[in-house]
Amino acid sequence: MQDHYDPAAIERAAQDYWDRTAAFAARENSGGRKFYCLSMFPYPSGRLHMGHVRNYTIGDVLARFMRMQGRTVMQPMGWDAFGLPAENAAMQNGVPPAQWTRDNIAYMKGQLQSLGLAIDWRREIATCDPAYYRWNQWLFLRMLEKGIAYRRTGVVNWDPVDQTVLANEQVIDGRGWRTGALIEKREIPMYYLNITRYAQELLDSLEDLEGWPERVRLMQANWIGRSVGTEIGFAYGPDLARLMGAEGRLKVFTTRADTLFGATFLAIAAEHPIATAVAAHDEGIAAFVAECKRGSVMEADLAMQEKKGVRTGLHVLHPFTGKPVEVWIANYVLMAYGEGAVMGVPAHDQRDFEFALRTGIPIETVVKSATGAYITVSAPWQDAYGEHGVTVNSGEFSGLDYQAAVDAIAAALEARGIGRKRVQFRLRDWGISRQRYWGCPIPLIHCPACGDVPVPEEQLPVVLPEDLVPDGSGNPLTKTAAFYACGCPRCGADARRETDTMDTFVDSSWYFLRFASFDNAQAMVDERVRYWMPVDQYIGGIEHAILHLLYARFWTKVMRDLQLPSVDEPFSNLLTQGMVLNHIYSRDLAEGRRQFFDPAQVTSTERAAGGKRFTTQLPGGAVVDVQYQGLGKMAKSSNNGVDPQQLVERFGADTVRLFVMFTAPPEQTLEWSDEGVLGSSRFLRRLWTIVHEHVAAGPAPALETSALDGGQKALRRIAHQTLAKVTDDIGRRRTFNTAIAAVMELLNALGRFTDASAQGRAVRQEACAIVAVCLSPIVPHVCHALWQALGHEGALIDQPWPRHDAAALVQDEIEISVQVNGKMRARVSVAAGADEATVRAVVMADERVRRFVGMAQPRKMIYVPAKLVNIVV
RNA sequence: GCCCGGAUGGCGAAAUUGGUAGACGCAAGGGACUUAAAAUCCCUAGGGGGCAACUCCGUGCCGGUUCGAUUCCGGCUCCGGGCACCA
């Protein structure tokens with residue numbers, strides 16, 4: 001007998017066995033329904049963090065479970081290998097991003113393998129590999145042909161000191177993170193993908209995604225944001241027509257056409273052509289427009305800034321009354337939504353109301369509540385009346401309810417050709433151009449004579465040079481003639497290659513298709529996609545609930561429409577794992593820069609007078625004050641990721657897997673703490689000991705279920721209850737923590753079971769085997785070893801998942817809870833099949849029940865079969 | 001600011017369809033074994049009151065529906081995620 005649990009040796013042996021037998025090589029049509037199990041591929045940041053361990057263990061549990069259920073499982077793995085952190089690391093260390101990335105991949109692959117994941121590594125892909133990203137380029141060109149990809153200008157964060165475009169993450173409080181300079185918005189040409197063309201389908205098919213969490217479907221639906229409203233063209237007043245040099249109409253989009261008669265101003269975005277035209281002649285307005293262009297492009301910043309506006313002095317004419325309506329420029333109007341202009345109705349919109357109070361714009365009530373009360377608003381302590389009601393003071397449209405008013409007004413506008421009902425989506429087209437080096441080159445050539453010329457297909461891929469080191473002052477590709485200097489494919493003249501690269505969301509929008517066609521050098525995807533897709537189970541962080549999942553759904557539909565092997569929806573079932581959060585500590589350096597610390601290094605904590613917590617930490621003996629920043633997601637940029645490697649080395653992969661699955665249900669946010677990991681280690685040692693003590697006594701005799709005594713039946717009942725519960729918890733509920741708790745209870749029962757008789761040993765043998773099977777998806781190495789120790793032929797991974805024996809669950813007596821007036825008062829035992837009358841009689845005969853009911857006459861008795869009786873007195 | 005979640009013992013959590021609140025585990029305390037420690041095993045444990053039988057309170061806060069609410073509804077507070085260039 002191996003008398004002590006040695007995870008290192010056990011895990012090596014099990015992993016050797018799986019490697020030797022190529023146990024996880026996925027082959028099409030190898031019997032059983034296919035099950036494509038996919039976890040979101042990692043960014044190779046350097047080391048795994050606990051979020052990865054959680055993600056990949058969940059996937060692995062499901063992959064192994066489904067395999068034992070007889071499915072043909074594919075679980076692949078890849079690397080989301082392009083991105084900003086590689087450039088930052090390059091700047092810090094002077095190492096090219098390619099080298100840094102590949103080193104990280106090699107290290108992290110070893111870490112993943114040490115976890116014993118049932119992955120088909122033959123299918124491994126890295127998005128920075130030209131053999132992968134050439135297909136990004138190829139499909140982009142197909143999209144260009146179809147008009148799905150197009151070029152227009154877009155707004156970016158501009159750092160005037162480094163003369164470079166910054167990502168939102170690199171803008172802190174409106175300043176560049178390296179220079180501390182105030183950030184400006186800048187408009188530059190970019191390529192866009194026309195995702196809005198698919199907005200309706202992306203919205204509609206959410207309804208069919210029954211295997212997705214409701215909250216994700218809701219978030220996506222709100223993000224797409226379909227609204228039905230009315231487009232209204234306000235005729236230019238004479239002053240505006242003069243400025244613009246022609247008659248014209250200023251279009252707005254509104255969902256509240258019923259309030260049109262209350263529109264006392266129009267507000268346009270600072271980027272609106274009219275704003276640009278006014279600013280050219282008016283210094284004050286030019287200053288305001290310039291002010292709006294300062295700061296970052298982030299929506300959160302825009303939405304929280306103080307609402308400001310400036311009067312243009314220009315007017316449009318109300319379409320029904322002909323009255324002049326003032327035009328304002330406001331910082332809260334988004335050029336990207338609707339027409340970049342809104343009508344302001346202070347009486348019926350809270351934001352407009354507050355704006356009007358500050359600026360003296362008139363407030364005109366045009367809707368009253370349907371119940372009749374006449375509502376007027378005009379004072380600062382009041383609120384706008386934003387409810388749907390009945391129109392008043394609206395000329396021929398007065399006295400109508402919301403829908404009737406909207407319909408009548410839209411019809412009247414349409415009859416005059418100055419407005420119409422239409423659908424507006426909040427979703428915007430996807431800008432994919434990035435002014436960065438470490439990404440997939442956009443395959444275009446700019447020719448002075450021919451314009452933008454696509455790179456011919458036979459010249460793909462446009463290979464990214466891998467030896468450049470960025471220095472923070474823009475994209476090094478723009479300084480590398482060997483990359484950008486080229487001939488025009490059309491006329492042969494000297495031309496310049498596009499130096500922008502693609503958003504890394506492009507790389508992750510179709511990698512799940514490539515896993516099915518991983519070795520095809522001739523085509524992006526092939527017929528094997530039709531076998532494996534859609535992904536049966538996708539697992540990843542809730543932080544990807546909108547962007548990644550929406551882009552992947554869009555890209556999949558585009559490929560379908562380009563007649564490539566694809567599907568309508570890529571992911572049938574989605575499990576969004578909760579974030580693994582950790583505490584964040586930092587200190588401020590000069591120039592608004594900030595240094596982050598590993599929480600494990602923070603040694604002592606004191607509370608400062610100001611209320612914020614300051615702590616002291618000792619990296620290599622030095623003591624510095626650090627600031628507590630609260631809880632946050634584990635990220636390389638805040639240096640708060642826990643390295644699971646130390647835990648794996650100390651306790652073994654099984655302990656780490658068990659712990660991370662036991663600590664919380666998968667969808668829940670997890671505040672990281674490695675207290676408790678000892679308990680998981682202890683449990684596995686106990687499991688090892690109990691099974692080996694049983695095995696040491698020699699082979700168990702055959703089980704005879706008809707010959708069992710009460711204690712033997714009881715253990716067998718627990719074992720089969722556990723099997724049934726684990727099957728349901730993993731297979732349906734995905735609550736791995738409760739599955740583990742159930743097995744712990746079974747193991748506790750096994751520990752108390754001392755029956756050394758022949759049938760006692762037979763029951764124990766069966767129970768031990770059930771434990772090994774139930775835990776094998778979660779802690780596969782130790783279960784692999786225990787299965788052998790229990791004397792079984794063949795590997796546990798190849799065993800079919802057993803069904804519980806329903807006969808073992810039968811109980812003679814059951815317990816009924818008794819409440820009096822809804823409060824728990826007693827418990828009574830009744831025969832398992834007892835009818836209601838019998839149960840009532842037993843309950844009323846119970847001494848405790850009689851005491852609580854007393855002399856009172858029961859008014860009512862609620863009976864929940866086999867569970868509960870509530871006596872109401 | 002907007003959209004989406006979450007809140008239950010000292011801690012992580014459980015309660016699956018409105019029906020026994022706190023399963024399972026961590027940390028803690030007590031005990032056994034041991035020269036000792038580690039390891040292991042046993043016991044205790046939501047809070048208050050009571051010698052005890054027992055009893056009252058208790059699932060973020062306020063209110064509602066119900067025989068019965070951690071669970072459903074309305075209103076808040078705090079925390080987390082996302083907000084289109086972090087991935």
Side-chain angles (χ1 to χ4, degrees), chain A residues 40 42-43 45 80 82-85 154 156-157 165-171 213-216 218-219 221-223 225 297-305 307 332 336 351 427-436 503-505 508 541-548 550-551 576 578-579 581 630-633 635-637 659 662-665 667-671 673 675-680 682-683 685-686 689 725 728-729 732-733 735 737-738 740-745 748 751 815-827 859-862 864 867-873:
Chain A
M40 290 181 188
Y43 177 78
S45 56
D80 189 14
F82 277 134
L84 202 52
V156 294
N157 299 305
V165 175
L166 296 186
N168 285 338
E169 191 192 45
Q170 299 171 310
V171 179
E214 192 51 42
R215 63 166 155 162
V216 176
L218 243 181
M219 280 191 262
N222 290 339
W223 183 262
V297 300
M298 277 179 268
E299 193 197 298
D301 290 348
L302 297 175
M304 280 187 288
Q305 69 190 356
K307 312 273 176 289
Y332 60 83
R351 187 178 60 184
L427 181 69
R428 306 199 294 258
D429 275 349
W430 175 14
I432 59 157
S433 294
R434 297 292 179 270
Q435 297 68 44
R436 265 187 267 294
D503 181 2
T504 57
F505 276 124
S508 55
I542 184 67
E543 70 273 23
H544 297 291
I546 295 175
L547 291 179
H548 161 61
L550 194 63
Y551 291 145
T576 46
M579 309 277 305
L581 302 180
L631 272 177
K633 67 173 177 175
K636 186 122 179 94
S637 58
F659 177 58
F662 178 60
T663 299
E667 305 216 285
Q668 191 166 311
T669 302
L670 185 70
E671 264 179 53
S673 147
E675 276 178 28
V677 71
L678 273 171
S680 293
R682 189 148 54 216
F683 171 76
R685 278 203 299 271
R686 213 159 94 82
T689 307
K725 178 163 174 60
D728 187 49
D729 281 356
R732 180 181 65 89
R733 297 177 66 208
T735 52
N737 55 329
T738 54
I740 293 165
V743 179
M744 285 175 167
E745 288 186 74
N748 288 342
E815 238 184 23
I816 302 275
S817 302
V818 186
Q819 297 179 335
V820 178
N821 288 337
K823 290 204 169 195
M824 256 302 293
R825 293 302 184 190
R827 240 158 266 185
R859 273 200 296 132
K860 203 168 163 189
M861 205 164 174
I862 283 117
V864 183
K867 247 185 187 165
L868 174 133
V869 172
N870 187 12
I871 303 160
V872 188
V873 297

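Chain naming here is simple, since letters A, B, ... match the order of the sequence lines and numbering starts at 1 in each.
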Identify whether any heavy atom of A:L427 sits under 4.0 Å from a base atom; if not, whether one sits that close to sugar-phosphate; answer base, sugar-phosphate or nothing.
-> base
Which part of the nucleic acid, if any, lies within contact of A:H544, taking any heavy atom under 4.0 Å across all strands shown: a base, the sugar-phosphate backbone alone, or nothing?
-> base
Least distance between heavy atoms, [X] atom then [Y] atom:
{"X": "A:P213", "Y": "A:T576", "value": "CG-OG1, 3.7 Å"}
{"X": "A:Q435", "Y": "A:V165", "value": "OE1-CG1, 3.4 Å"}
{"X": "A:L670", "Y": "A:A664", "value": "CD1-CB, 3.6 Å"}
{"X": "A:L84", "Y": "A:A167", "value": "CD2-CB, 3.8 Å"}
{"X": "A:M219", "Y": "A:A545", "value": "CE-CB, 3.8 Å"}

To the side chain of [X], which of [options] is closest?
{"X": "A:M298", "options": "B:rA84, B:rC57, B:rA15", "result": "B:rA84"}
{"X": "A:M744", "options": "B:rU20, B:rG25, B:rG12", "result": "B:rG25"}
{"X": "A:E543", "options": "B:rG82, B:rC67, B:rC56", "result": "B:rG82"}

Decide yes or no, distance alone: a donor-acceptor N/O pair under 3.5 angstrom between the base of B:rU16 and the side-chain of A:K725.
-> yes
Taking atom types as they are modelled, is there a donor-acceptor pair under 3.5 Å from the base of B:rU16 to the side chain of A:R732?
-> yes
Pairing string of RNA chain B (Watson-Crick or G-U wobble, both atom distances under 3.5 Å; | = paired to other strand) is (((((((..(((......[....))).(((((.......))))).((((....))))..(((((..]....))))))))))))....
Evaluate side-chain hydrogen bond (donor to acceptor under 3.5 Å, both in side chains) for A:N748 paired with A:R686, printing each intermediate quantity in order.
-> CA-CA 10 Å; A:N748 288 342; A:R686 213 159 94 82; 2.4 Å; yes
Worked check of side chain to side chain contact (heavy atoms under 4.5 Å, CB included) between A:W223 and A:L547 | CA-CA 9 Å; A:W223 183 262; A:L547 291 179; 3.8 Å; yes
With a 4.0 Å cutoff (strictly under), does any side-chain N or O of [X] reach OP1 or OP2 of [N]?
{"X": "A:R733", "N": "B:rA15", "result": "yes"}
{"X": "A:N737", "N": "B:rA14", "result": "yes"}
{"X": "A:T504", "N": "B:rA87", "result": "yes"}
{"X": "A:Q819", "N": "B:rC67", "result": "no"}
{"X": "A:K860", "N": "B:rC67", "result": "yes"}

Separation of [N] [atom2] from [X] [atom1] (nearest whole Å):
{"X": "A:M824", "N": "B:rC54", "atom1": "CE", "atom2": "C1'", "value": "15 Å"}
{"X": "A:L547", "N": "B:rG82", "atom1": "CG", "atom2": "C1'", "value": "8 Å"}
{"X": "A:Q305", "N": "B:rC83", "atom1": "CD", "atom2": "P", "value": "18 Å"}
{"X": "A:M579", "N": "B:rC86", "atom1": "CE", "atom2": "C1'", "value": "11 Å"}
{"X": "A:Q668", "N": "B:rG81", "atom1": "CD", "atom2": "P", "value": "15 Å"}
{"X": "A:E169", "N": "B:rA84", "atom1": "CD", "atom2": "P", "value": "12 Å"}
{"X": "A:N748", "N": "B:rU40", "atom1": "CG", "atom2": "P", "value": "14 Å"}
{"X": "A:N168", "N": "B:rC83", "atom1": "CG", "atom2": "C1'", "value": "10 Å"}

Stepwise, does the side chain to side chain contact (heavy atoms under 4.5 Å, CB included) test hold for A:V872 with A:N821?
-> CA-CA 5 Å; A:V872 188; A:N821 288 337; 3.8 Å; yes
Sorted by position of nearest nucleotide on RNA chain B, 5' first, the leading residue of A:G822 and A:P665 is A:P665
More 5' along RNA chain B: A:G83 or A:T738, using each one's nearest nucleotide?
-> A:T738
Please assess A:I542 against A:V216 for the test side chain to side chain contact (heavy atoms under 4.5 Å, CB included), listing each intermediate value before the final yes or no.
-> CA-CA 8 Å; A:I542 184 67; A:V216 176; 4.1 Å; yes
When every nucleotide of nucleotides 27-33 of chain B is labelled 5' to 3' by its protein contacts under 4.0 Å (heavy atoms), B for base, S for sugar-phosphate only, - for none, what sequence of letters results?
-> S------
The glycosidic conformation of B:rG9, counting syn as within 90° of 0 and anti otherwise, is syn
Give every pair of a protein N or O atom and an N or O atom of nucleotides 1-5 of chain B that lie under 3.5 Å apart, one pair per line with the distance.
residue : atom : partner : partner atom : Å
B:rG1   : N2   : A:E299  : OE2          : 3.4
B:rC3   : O3'  : A:N222  : ND2          : 2.8
B:rC3   : O2'  : A:N222  : ND2          : 3.0
B:rG5   : O2'  : A:R215  : NH1          : 3.3

Test side chain to side chain contact (heavy atoms under 4.5 Å, CB included) applied to A:K725 and A:T738, step by step = CA-CA 9 Å; A:K725 178 163 174 60; A:T738 54; 4.1 Å; yes
Would one find more than 12 heavy atoms of other residues, nucleotides or ligands at under 6.0 Å from atom NZ of A:K867?
-> no
Would you find more than 12 non-hydrogen atoms of other residues, nucleotides or ligands less than 6.0 Å from A:E214 atom CD?
-> yes
How many angstroms lie between atom CD of A:E671 and atom CE of A:M579, to the nearest 0.5 angstrom?
-> 12.5 Å
